[in-house]
Amino acid sequence: FGLQMEVDAHLQAYLSLKSMDRARFSDNTFSRSNTDGSITTDDGLYERQEPVMQNSVIMERILRRKSLQLRNKQQDWQDSPNGQKMLEFRRSLPAYKERDSSLKVISENQVVVISGETGCGKTTQLPQFILESEIEAARGAACSIICTQPRRISAMSVSERVAAERGEQLGESVGYKVRLEGMKSRDTRLLFCTTGMLLRRLLVDRNLRGVTHVIIDEIHERGMNEDFLLIVLKDLLPRRPELKLILMSATLNAELFSSYFGGAPTIHIPGFTYPVREHFLENILETTGYGLNSYNQIDDYGQEKVWKMQKQAQAFRKRNSQIASAVEDALEYADFKGYSPRTRESLSCWNPDSIGFNLIEHVLCHIVKNERPGAVLVFMTGWDDINALKEQLRAHPLLGDPSRVVLLACHGSMASSEQRLIFDKPEEGVRKIVLATNMAETSITINDVVFVVDCGKAKETSYDALNNTPCLLPSWISKAAARQRRGRAGRVQPGECYHLYPRCVHDAFADYQMPELLRTPLQSLCLQIKSLQLGSISDFLSRALQPPEPLSVQNAVEYLKIIGALNENENLTVLGRNLSILPVEPKLGKMLILGAIFNCLDPVMTVVAGLSVRDPFLMPFDKKDLAESAKAQFSARDYSDHLALVRAYEGWKDAERQQSGYEYCWRNFLSAQTLRAIDSLKKQFFCLLKDAALVDNVENCNRWSNDEHLVRAVICSGLFPGICSVMNKEKSIALKTMEDGQVLLHSNSVNAVEPKIPYPWLVFNEKVKVNAVFLRDSTGISDSVLLLFGGNLSQGGLDGHLKMLGGYLEFFMKPTLAETYLNIKRELDELIQKK
Ligand code: CDP
Ligand code: MG
């Protein structure tokens with residue numbers, strides 16, 4: 001009880017103090033006075049100079065001089081031989097033909113919507129057109145164009161390309177800024193940034209002072225940040241009549257955006273693509289003679305096995321009646337076409353829940369062996385299966401001579417050296433195969449693609465951990481996305497597109513993908529609405545292009561109250577304000593903050609980085625047992641996947657110091673790449689916490705890092721209310737959560753093999769629903785840890801805390817614990833009365 005009070009008081013005092021520190025800190029660092037009397041402020045997004053009133057005439061003169069310099073420089077480059085060559089290329093892009101007309105429409109309207117085929121030059125050209133025309137009109141130094149990208153990697157690669165097209169180094173007139181990284185200077189006039197960065201800029205500058213143009217790219221993707229930004233900008237436009245807003249999209253649903261902005265004019269850039277022939281699963285099976293049930297060795301499989309697979313596939317299909325009837329249709333179609341029994345059989349075995357690596361491999365072999373030259377682009381769902389397929393293709397070199405094939409991956413967390421290889425044309429006779437996520441649908445254009453293999457699914461992965469999106473399961477893409485994928489094959493010559501699903505399944509796809517705002521938890525977003533002081537959360541979200549369900553808004557607000565980020569009146573608490581600064585999910589942010597307060601930061605950062613990157617423990621399908629026992633070694637009977645991760649990571653760090661990191665990973669079924677990503681993320685976390693003045697030095701904040709109980713408690717503080725009760729039975733363990741009732745442990749969890757779990761509770765980060773609900777990762781915690789760290793430590797007082805926990809305890813029928821609570825509460829009431 002005493003400790004609880006102390007924790008409460010400390011957390012409040014500590015956080016308030018640190019917030020004050022930060023305010024002082026930011027005043028000193030983010031602005032400075034210049035000798036000419038102007039003030040330069042740097043809000044993290046970019047620097048700008050603000051004339052001081054009495055010196056505005058001088059300032060005007062400086063701006064004019066700078067503008068003229070810019071104009072001369074641009075002219076010189078365009079007259080140079082290299083500049084000429086570049087101009088020639090740019091003029092060949094479809095966007096160039098629309099240059100003058102677009103600039104005219106932009107100058108006459110506040111909002112303009114621009115659509116055009118991918119690769120026509122929207123991203124690289126349009127912002128540049130605006131910049132060039134401003135420079136030509138000698139207003140160059142006064143303009144400031146911000147172009148947002150949904151992904152870090154596109155912001156970086158596009159800015160690099162545009163700088164090269166202007167014959168400059170990155171960071172001169174063209175720059176980029178993504179979270180924790182950037183290349184920009186005082187002279188940067190065109191800035192590519194992630195949508196999240198612009199939102200952060202709005203945090204410190206609600207009116208976007210000094211910005212002349214905002215361009216939101218890839219608006220058709222309907223990411224949560226983009227939809228959010230649209231509401232904010234729609235409110236801002238009347239306050240900033242001279243600010244221009246340009247929305248760019250690859251597909252043709254421009255009307256939706258245009259009508260949202262009161263009928264804004266739309267410009268369509270006609271593109272050109274060669275025709276692309278489409279093959280659906282039934283044709284692929286028929287023409288290539290592949291049996292889905294064969295796994296390359298059909299003859300080894302008896303009829304019984306086929307029946308079993310058919311039954312399995314049917315069971316999968318049962319859960320989705322739409323798909324089931326589509327498969328029936330496909331079978332009918334196959335009959336109608338007179339396809340072979342083998343094709344028919346394979347179709348009936350088709351399992352819409354699996355990505356079908358063998359099928360992809362088979363199609364790739366078919367292309368490599370029988371088709372004309374040209375690069376192959378394979379659309380997969382995410383980092384994991386791209387890597388797994390890459391491994392499979394390496395292990396079984398069915399693709400023939402390995403030196404004749406370059407296998408590349410294209411996803412949000414690839415290295416930039418790899419990124420360049422994707423654009424490179426391989427030498428004669430070498431086949432380039434790129435395994436990509438939906439990122440290659442619109443934001444990245446690989447010019448020499450002739451063949452597209454489309455698995456039909458996409459996953460909203462956290463491309464980078466600092467992106468707030470939680471992981472989702474792969475789901476079917478939309479018709480628009482399938483069309484987009486197909487179009488990627490026809491850039492240089494007529495192409496072929498292999499859709500690895502029946503045509504009838506395609507016909508059942510939605511027209512457009514559902515906006516992210518309607519399908520993801522809104523917790524981070526709600527926090528952001530509050531920190532931007534945008535008023536009532538539900539009022540604000542009701543003004544969205546397609547507003548989310550009131551229930552999901554309510555859920556998010558409720559959750560934020562439970563973890564103590566919002567108070568009863570839906571206002572930000574001190575904790576909430578701190579969480580909104582950290583670029584991770586609120587629960588992980590809370591873990592970081594408590595890790596800092598309780599001085600056990602390093603292991604907590606490892607856990608948070610692991611949860612936000614991905615699991616470094618590899619579970620290869622064929623060596624699952626070995627991999628599981630390798631993981632179990634790290635658990636050392638402390639009943640925690642999170643602590644196992646910490647141990648594995650620390651072991652790797654030690655091994656790295658002795659230059660044996662790679663071997664260590666190999667032996668323990670760990671992904672070195674993921675561990676490195678965790679490592680770099682931890683460094684970023686530390687800088688952020690330091691910037692936020694939540695930690696001072698490495699030694700202090702790790703004083704208690706070896707205290708496993710404390711780390712466990714901090715993990716609980718973040719993961720609550722993700723708790724389940726543990727009942728050890730004779731031969732099994734019964735687990736129960738409040739929402740789902742009975743739950744099971746995922747087989748990858750270290751707790752799954754334990755005969756008993758000596759903790760009354762488990763906290764977990766993620767659960768997945770397959771045929772039952774499975775907890776992916778879990779950590780055992782004791783009653784007292786739950787009492788002190790579960791839930792709302794800093795707000796609502798003990799009263800609120802007890803009320804909420806009491807509900808849990810009653811539900812889980814822990815009467816003695818509940819009684820203890822009531823006693824504490826009674827004593828507290830008396831104490832308060834006396835005081
Ligand atoms: O945005 P949109 O899809 O309309 O096209 P873009 O990204 O502006 O690209 C226009 C053209 O620039 C592409 O067709 C590529 O040929 C070229 N490009 C390039 O060579 N290197 C890059 N990093 C980006 C674009
Ligand atoms: Mg683009």
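Both counts, for ligands and for their atoms, begin at 1 and track the order of listing. All values reported here derive from a predicted model rather than from experimental measurement.
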Measure the distances from the heavy atoms of Glu117 to every atom of ligand 1 and state whether one is below 4.0 angstrom. yes
Gap between atom CD1 of Ile146 and atom CZ of Arg201 - 0.5 Å precision: 5.5 Å
Using modelled atom types and a 3.5 Å cut-off, is there a donor and acceptor pairing between side-chain atoms of Lys244 and backbone atoms of Ile106? yes
In the protein, what heavy atom is nearest to atom 7 (O) of ligand 1, and what distance, to one decimal place, separates them? Thr123 CB, 3.9 Å
With only distance considered, is Lys122 within less than 3.5 Å of ligand 1 through an N or O on each side? yes
The answer for which part of Asp217 has a heavy atom under 4.0 Å from ligand 1 is neither
Verify, without hydrogens or angle tests, whether Gln84 (side chain) and Gln78 (backbone) share a donor-acceptor contact under 3.5 angstrom. yes
Looking only at protein heavy atoms, which one is nearest to atom 5 (O) of ligand 1, and how far off is it? Gly121 N, 3.2 Å
Ligand 1 versus Arg161, non-hydrogen atoms closer than 4.0 Å: side chain, backbone, both, neither? side chain
Is a side-chain N or O of Arg431 found less than 3.5 angstrom from the main chain of Val376, in a donor-acceptor match? no
Tell me the contacting part of Arg491 for ligand 1: side chain, backbone, both, or neither, using a 4.0 Å heavy-atom threshold, strictly below. side chain
What's the shortest distance from atom 8 (O) of ligand 1 to any protein heavy atom, and which residue and atom give it? Thr124 OG1, 2.6 Å
Verdict with reasoning, Phe129 to Arg90, per side chain to side chain contact (heavy atoms under 4.5 Å, CB included): CA-CA 11 Å; Phe129 292 161; Arg90 294 180 53 206; 3.7 Å; yes
Look at Thr123 and state whether any of its N, O or S atoms is less than 2.8 Å from the Mg ion (ligand 2). yes
Check whether any N or O atom of Phe423, backbone or side chain, sits under 3.5 Å from an N or O atom of ligand 1, and answer yes or no. no
Is there a donor-acceptor pair closer than 3.5 Å between any side-chain N or O of Asn109 and the backbone N or O of Val105? yes
